[in-house]
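See structure below.
Lettering follows sequence order; numbering is per chain, from 1. In this text, all values refer to a predicted model and were calculated from it rather than measured experimentally.
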Amino acid sequence: MFDTLSGRLDEIFTRLRGRGRLNEKQVDEVLREIRLALLDADVSLRVVKAFVKDVRERAAGAEIHKSLTPAQQVIKLVHAALIDMLGKKASGLAHADRPPRIILIAGLQGSGKTTAAAKLARLLKSQGRRPLLAACDLQRPAAIRQLQILGEQAGVPTHAEPDAADPVAVAGRALALSRGEGYTDLIVDTAGRLNVDRELMAQLAQIHDALDPTETLLVCDAMTGQEAVNVAEAFSSEVEVTGVILTKLDGDARGGAALSMTYVTGRPIKFAGVGEKLADLEAFYPDRMASRILGMGDVLTLIEKAESAFDEAEAKKMEEKLRKADFTFEDFLSQMQALKKMGPMSQVLGMLPGMSKLPVGDMQIDEQLPRIEAIIRSMTMQERNNPHLIKGSRRSRIARGSGTSVQEVNKLVKQFDDVRKMVKMMSSGKAGGGMRLPGGLKVPPNLGL
Amino acid sequence: MLEGLLPQILVGLALVLLVIGVVAARRRRPSGRRGATRMKDLEAMERAGRTAVETPTRAERDKGEEEEGEAREQEGDKGEEEEGEAREQEAGPLPETAEAAAPPRPTLRDRLVKSRRFFAARLSEAFGGGVDEDTWEDLEAALIQADVGVETSTKIVARLQVAAKERGVSDAAELKGLLAEELIALFDSVELGRDRALAFAPEPPTVWLVVGVNGTGKTTTIGKLASDLSHRGKGVALAAADTFRAAADEQLQVWARRSSAQLVRHQPGADPGAVAFDAFRFARARGLDVLLIDTAGRLHTKTPLMDELSKIRRVVEKEGSVTEALLVLDATAGQNGLAQARKFTQAAGVTGVVLTKLDGSAKGGIALAIESELGLPIKLIGVGEGIDDLEPFDPKTFVDALLS
């Protein structure tokens with residue numbers, strides 16, 4: 001619905017151009033945009049209100065940096081405030097006084113508890129620990145089986161009692177077992193329960209009391225809406241929540257629930273689920289999440305990936321070529337190989353700020369790329385280095401060679417040339433924000449650079 | 001921080017732009033931007049009525065299929081024709097049940113008591129005294145907190161303000177009645193009422209495909225649907241086409257036993273399309289009435305997995321017709337629910353939404369946005385973990401329950 005927050009703020013400040021410091025009315029306008037952006041990212045209203053108040057106070061005392069535009073300054077301020085609220089840095093699991101460390105997993109139905117439990121078990125095992133899983137979800141059909149299978153995949157044993165009826169008793173026996181057999185960690189999976197279900201919430205408290213866990217982790221779906229505050233409140237009033245696992249972060253939800261969760265529980269998000277494989281559990285990075293909530297894209301992750309994929313000296317050379325529009329199809333091909341190392345193109349694009357607004361998913365970029373590559377590979381080295389040579393019979397030869405059409409070859413050559421020119425303009429700083437791409441797509445301003 | 005990395009970023013960016021530019025140009029048709037015709041404005045929605053609302057969704061879907069390649073195009077068109085015919089055949093099962101058997105179990109109203117309590121608290125705040133500026137603000141806040149979304153909430157409040165002025169409403173209680181009217185009108189405006197029934201195929205087996213992101217309650221919904229169908233004397237087959245999640249087939253098996261349905265399953269990791277196809281042939285050979293296909297939860301952003309859904313549908317439509325593709329949506333979902341609905345509609349031709357977990361304190365306000373922005377009818381609601389906890393969606397009951 002809205003563009004990125006930075007885009008919206010840019011608009012406001014463009015209107016206000018030429019004036020020095022912001023007056024109160026303008027600050028109000030800016031804060032209104034921030035409020036809308038946060039609500040649109042599913043941050044709970046109550047949390048938004050508290051947050052906006054915080055930002056207003058910060059803005060009043062903020063120093064003015066000459067080097068930053070007002071929009072950048074506000075974004076920086078908001079970003080910092082978000083990070084503060086989300087917890088400053090990634091935090092791991094607490095240590096138990098004596099083993100086993102007991103980790104209780106709780107949450108709503110379908111939030112991803114069983115998967116998270118298994119992922120955590122796998123992670124601990126990979127760190128050289130000896131975890132035991134306990135299947136205390138006796139509610140959902142085949143939940144025990146699911147945990148057993150995932151446990152097997154993770155190479156972690158599962159304590160399960162398929163015919164048991166009382167999860168509190170199962171948890172107790174799992175604890176005794178983990179103590180008796182010297183496990184370092186006990187991860188207890190529980191049934192999903194609604195925060196308004198008194199009976200099941202009381203049962204959770206019983207399990208908690210029976211175990212006296214080191215960590216009680218609340219599992220929360222990143223796609224959760226306003227409800228997040230109520231869930232966090234209900235669970236943390238019933239048991240002492242020590243942290244949150246945010247799941248399904250590999251989707252395109254802005255994940256405002258993260259902010260609601262940390263605000264209400266006062267506890268950090270300890271892990272993020274980022275995929276369907278058992279290895280897809282990551283430490284939670286507040287700074288990245290802050291960018292994501294603001295719609296700034298996951299620039300930091302992108303930078304990290306770029307660092308490992310591109311050779312720095314090579315990249316410098318390429319940059320030079322780009323600046324002079326000397327970039328050739330051959331360069332494109334070689335850089336594309338490097339880019340591929342960063343993961344599927346659609347995923348990489350998703351991390352770019354503003355790109356979430358482009359119909360990237362619909363374009364099936366990863367399916368299209370091989371065709372583009374095929375066309376380039378059907379060119380001779382001379383043609384790749386001198387695209388202007390590609391005319392007439394060369395075109396039809398390339399089309400035949402790549403199994404495409406002359407039109408497609410034409411289009412590629414034309415687009416390539418256009419983009420080359422555009423990048424040259426961009427890198428020489430001539431173009432302002434919001435350029436039009438040849439395909440008619442608008443490039444968002446301030447791509448985080 | 002970024003200075004040192006500038007070359008890498010610039011090169012990466014250039015490549016990305018290049019790819020986007022090229023790919024976009026390749027995929028873009030000369031006329032008609034994707035989504036340009038999508039109707040967002042609620043007022044326009046109301047005026048336009050059903051056919052006009054349906055057009056963009058259909059057009060979009062056709063467009064999507066067009067772009068998938070020609071083979072797909074033909075199949076897709078054929079499927080849609082069949083589907084169109086099929087849908088007129090028979091009225092859905094659940095509304096019948098609702099009228100026929102006076103349910104001994106608690107009504108939706110009772111079940112919604114929690115969400116009602118909270119929402120009502122907000123509203124009584126709003127309607128506490130006379131109508132003033134704060135009333136409107138509280139009202140908007142209440143709607144936003146029900147996950148209706150900022151845009152829709154603002155529009156509703158704006159319209160309510162106009163309506164209140166016209167009718168000279170200054171009393172808070174009256175205003176509440178007016179709000180209920182407005183909300184119901186939003187559901188009715190898309191005039192999808194008759195489409196809330198589930199469609200049967202002219203020739204059995206009728207096939208209903210159930211899709212959604214992970215953890216929304218697809219398998220549970222199928223169990224409940226199967227039970228309802230069985231109770232009304234239909235022969236039901238379940239296809240365990242979620243071959244990805246550990247023990248998903250075993251979970252479905254439990255539901256099959258509870259609802260006396262037949263289960264068709266393969267090995268874990270098997271091709272879901274193959275499971276669906278086998279299940280279809282099985283259902284046809286056994287003369288069963290309805291085949292429910294359970295699919296693996298998938299995030300709508302994962303293109304290959306979404307393609308897999310299209311394939312499941314395509315494969316079944318080689319020999320039969322999928323008359324319903326139901327998107328299962330968690331009532332706790334926030335604004336991302338809209339993106340889900342869009343993407344699943346593109347991939348699987350969603351015909352209706354099942355809103356689950358409405359027995360919690362989540363208000364499911366995103367349902368409003370999905371109906372009004374995408375014209376996708378909410379067909380069923382899930383109100384508990386029991387086998388009977390599935391009900392037809394009724395806007396009036398839904399809105400009444402929320403506001404009373």
Side-chain angles (χ1 to χ4, degrees), chain A residues 1 36 39-40 42 45 108-112 141-142 145-146 149-150 194-196 221 223-227 230 248 250-253 303 306-307 310 315-316 318-319 322 335-336 339 345-346 349 352 358-359 361 363-365 368 372 411-412 415-416 419 423 427 437-441 447 449, chain B residues 2 5-28 34 114 118 141 144-147 149-151 213-217 244-247 250-251 254-255 299-301 303 330 332-337 339 343 346 357 359-362 366 385:
Chain A
M1 165 166 64
L36 289 177
L39 284 174
D40 203 41
D42 286 323
L45 184 63
L108 297 180
Q109 287 94 339
S111 51
R145 194 73 200 106
Q146 185 186 358
I149 293 172
L150 292 176
L194 287 168
N195 47 314
V196 293
D221 185 329
M223 294 175 279
T224 309
Q226 295 288 322
E227 182 66 0
N230 301 334
K248 307 178 205 175
D250 44 334
D252 61 356
I303 291 170
E307 263 181 309
F310 291 97
K316 277 228 169 76
M318 285 302 146
E319 189 207 356
L322 278 169
Q335 293 305 305
M336 194 51 76
L339 200 63
M345 202 57 189
S346 47
L349 289 182
L352 276 175
L358 297 179
M363 299 197 297
Q364 297 183 319
I365 285 179
Q368 290 295 316
I372 295 172
K411 227 181 243 170
L412 178 65
Q415 297 296 331
F416 189 78
V419 174
V423 171
S427 52
L437 274 175
L441 297 167
L447 276 157
L449 296 177
Chain B
L2 298 181
L5 291 163
L6 199 59
Q8 278 107 316
I9 295 172
L10 196 61
V11 172
L13 197 61
L15 290 172
V16 164
L17 293 181
L18 190 59
V19 171
I20 294 179
V22 172
V23 172
R26 286 169 53 87
R27 302 200 58 87
R28 200 160 285 270
R34 178 183 288 272
K114 289 295 171 183
F118 180 77
I144 288 174
Q145 284 182 317
D147 282 318
V150 178
E151 201 179 64
V213 299
N214 315 61
T216 54
F244 180 80
R245 181 163 60 93
E250 290 177 44
Q251 187 182 348
V254 173
W255 284 109
L299 291 180
H300 52 286
T301 48
T303 315
D330 192 326
T332 56
Q335 299 308 300
N336 194 247
K343 288 290 164 70
Q346 279 167 21
K357 307 182 200 175
D359 47 332
S361 53
I366 192 65
E385 287 185 318

Original post:
What pairs with A/Ser111 under side chain to side chain donor-acceptor pair (under 3.5 Å), at least two apart in sequence or on another chain?
Top reply: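 Listed in chain order: nothing, the list is empty.
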
**OP:** Return the set of residues passing side chain to side chain donor-acceptor pair (under 3.5 Å) with A/Gln226 (not counting sequence neighbours), or none when no residue passes.
**Re:**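 Partners of A/Gln226 by the side chain to side chain donor-acceptor pair (under 3.5 Å) criterion come out as none, since no residue qualifies.
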
Measure across [X] and [Y] and return the closest heavy-atom pair with its distance rounded to 0.1 Å.
X: A/Leu45; Y: B/Ala141; value: CD2-CB, 3.3 Å
X: B/Thr301; Y: A/Asp250; value: OG1-O, 3.6 Å
X: A/Gly110; Y: B/Lys357; value: CA-NZ, 3.8 Å
X: B/Gln251; Y: A/Ala142; value: N-CB, 3.3 Å
X: A/Lys248; Y: B/Gly215; value: NZ-CA, 4.0 Å

Quick one: does [X]'s side chain get under 4.5 Å of [Y]'s, heavy atoms only?
X: A/Leu39; Y: B/Ile144; value: yes
X: A/Asp252; Y: B/Asn336; value: yes
X: A/Met223; Y: B/Leu299; value: yes

Original post:
Looking at A/Asn195, A/Asp42, A/Thr224, which makes the most heavy-atom pairs under 4.5 Å with chain B?
Top reply: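 Among A/Asn195, A/Asp42, A/Thr224, the one with the most close pairs to chain B is A/Asp42.
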
**OP:** Measure the CG-CD distance between A/Asp40 and B/Gln335 for me, rounded to the nearest 0.5 Å.
**Re:**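 The CG atom of A/Asp40 sits 6.0 Å away from the CD atom of B/Gln335.
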
**OP:** Could you tell me the separation between the CG atom of A/Asn230 and the CD atom of B/Gln145, rounded to the nearest 0.5 Å?
**Re:**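 A/Asn230 CG to B/Gln145 CD: 8.0 Å, rounded to 0.5 Å.
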
Original post:
Is chain A contacted by the side chain of B/Thr332, its backbone, both, or neither, given a heavy-atom distance below 4.5 Å?
Top reply: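 Backbone plus side chain of B/Thr332, per the 4.5 Å heavy-atom cut-off to chain A.
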
